[in-house]
Colleague: 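Structure below; questions to follow.
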Amino acid sequence: AGAAFQYLLVQKTGAQKNVGLIQLNRPQALNALCEGLMAELRRALEAMESDPEVGAIVLTGSQKAFAGKTGGGLCSPQSFGGNWRPTALPLAAGADIKEMQNKTFQECYNSGFLAGWDKISVVRKPIIAAVNGFALGGGCELAMMCDIIYAGEKAQFGQPEILLGTIPGAGGTQRLTRAVGKSLAMEMVLTGDRISA
């Protein structure tokens, strides 16, 4: 699907090669959502959206960190064509805290930090988040931006930003409220507690 990526594995799969598969591929950092990964994700989504052969897009974690060739039974590999199978590791552990920790509010504001994170929510083709492990912080927000979340038995969702003294910054408070209701959303955001599928 175009140019090579450093943080993603991108391919067309399925019997008719009409499913775009985007795998986050930053296993050494549990797929932490750094600026480079998010820029590549926007580029991959734009390519899939403009490809007339692609009818739907599946977003999952990387080969080593989420979508390995062994492991749990989130869905039939035949549904995506080939031997793709999820394992019980993260979609994304969240935003890259190391990348963010020394930035001031003014630096984030002036640089448009998190700008473009919502690209996934405006793609016109259906996007399925396949989660069977941790989707925390930015990873949870990324999954909630998708049209459908396909969660396996080992999926864990959470907004643990409060444990670092901050709150979700990429729409998590709004999307989480719509997804689970006000009471549970407040509990998750104010305590950092996780929920399972």
Colleague: With rounding to the nearest 0.5 Å, note down the distance linking CG in Leu136 to CD in Glu161.
Modeller: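 So the CG of Leu136 and the CD of Glu161 are separated by 9.0 Å.
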Colleague: Listed by chain and number, what are the side chain to side chain contact (heavy atoms under 4.5 Å, CB included) partners of Arg124, not counting sequence neighbours?
Modeller: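 Per chain and number, Arg124 pairs via side chain to side chain contact (heavy atoms under 4.5 Å, CB included) with Glu49.
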Colleague: On a heavy-atom basis, which atom in Cys34 and which in Arg26 lie closest, and how many Å separate them?
Modeller: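 Looking at all heavy atoms of both residues, the shortest contact is CB-NH1, 3.5 Å.
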Colleague: Looking at every heavy atom in both Pro126 and Asp147, which two are closest together, and how far apart are they?
Modeller: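 Reported closest heavy-atom pair: CA-OD2, 3.2 Å.
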Colleague: Using the rule given for side chain to side chain contact (heavy atoms under 4.5 Å, CB included), can you reason through Val131 versus Phe157, listing the C-alpha separation, both sets of side-chain angles and the distance that settles it, and then say yes or no?
Modeller: CA-CA 9 Å; Val131 182; Phe157 298 90; 3.9 Å; yes
Colleague: Roughly how far, to the nearest 0.5 Å, is the CZ atom of Arg178 from the CD atom of Gln174?
Modeller: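 Interatomic distance, Gln174 CD to Arg178 CZ, rounded to 0.5 Å: 7.0 Å.
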Colleague: Can you measure from OH (Tyr7) to CG (Leu41) and round to the nearest 0.5 angstrom?
Modeller: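 Going from the OH atom of Tyr7 to the CG atom of Leu41 covers 13.5 Å.
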Colleague: Throw together a table of side-chain donor-acceptor distances under 3.5 angstrom for residues 187-197, partners on residues two or more places apart or in other chains.
Modeller:
{"residue": "Thr191", "atom": "OG1", "partner": "Glu187", "partner atom": "O", "Å": "2.5"}
{"residue": "Thr191", "atom": "OG1", "partner": "Asp193", "partner atom": "N", "Å": "3.1"}
{"residue": "Thr191", "atom": "OG1", "partner": "Asp193", "partner atom": "OD2", "Å": "3.2"}

Colleague: Between Arg175 and Met145, is a side chain to side chain contact (heavy atoms under 4.5 Å, CB included) present by the stated rule, with each step listed?
Modeller: CA-CA 8 Å; Arg175 287 185 181 93; Met145 288 180 209; 3.6 Å; yes
Colleague: Output the distance between atom OG1 (Thr177) and atom CE (Met144), rounded to the nearest 0.5 Å.
Modeller: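 Going from OG1 on Thr177 over to CE on Met144, the span is 8.5 Å.
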Colleague: Pick one: which of Leu21, Ile148, Thr13 meets side-chain contact (heavy atoms from CB on, under 4.5 Å) with Val58?
Modeller: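 When side-chain contact (heavy atoms from CB on, under 4.5 Å) is applied between Val58 and each of Leu21, Ile148, Thr13, only Leu21 qualifies.
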Colleague: Looking at every non-hydrogen atom in both residues, tell me the closest pair between Val54 and Gly20 and how far apart they are.
Modeller: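 Where Val54 meets Gly20 most closely, the heavy atoms are CG1-N, 3.8 Å.
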Colleague: Taking all non-hydrogen atoms of both residues into account, name the closest pair between Cys140 and Ala135 and its distance.
Modeller: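 The pair with the smallest heavy-atom distance is CB-O, 3.1 Å.
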Colleague: Hydrophobic clustering (ILVMFWY, side-chain heavy atoms < 4.5 Å, transitive) - are Val180 and Ile162 grouped together?
Modeller: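 Shared cluster, no.
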Colleague: Would you say the side chain of Leu142 lies within less than 4.5 Å of the side chain of Met38, judging by non-hydrogen atoms?
Modeller: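 Heavy-atom side-chain distance check passes, below 4.5 Å.
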Colleague: Quick check for you: to the nearest 0.5 Å, what is the distance between Asn132 atom CG and Thr60 atom OG1?
Modeller: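 If I round to the nearest 0.5 Å, the distance is 8.5 Å.
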Colleague: Hey, what do you get for CD1 (Ile57) to CD1 (Ile128), rounding to the nearest 0.5 Å?
Modeller: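 Between atom CD1 of Ile57 and atom CD1 of Ile128 there are 10.0 Å.
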Colleague: Can you list everything that forms a side chain to side chain contact (heavy atoms under 4.5 Å, CB included) with Glu53? Sequence neighbours excluded, please.
Modeller: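 With neighbours one apart ignored, the set is Lys12, Asp51.
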Colleague: Identify the two heavy atoms, one from Ile22 and one from Ala44, that lie closest to each other, and give their separation to 0.1 Å.
Modeller: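 Distance-wise, the nearest heavy atoms are CD1-CB, 4.0 Å.
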Colleague: Between Leu24 and Leu59, is the side chain to side chain contact (heavy atoms under 4.5 Å, CB included) condition met? List the steps.
Modeller: CA-CA 8 Å; Leu24 305 183; Leu59 177 65; 4.1 Å; yes
Colleague: Verify side chain to side chain contact (heavy atoms under 4.5 Å, CB included) between Val10 and Met48, making sure each step is shown before the conclusion.
Modeller: CA-CA 9 Å; Val10 179; Met48 295 283 181; 3.3 Å; yes
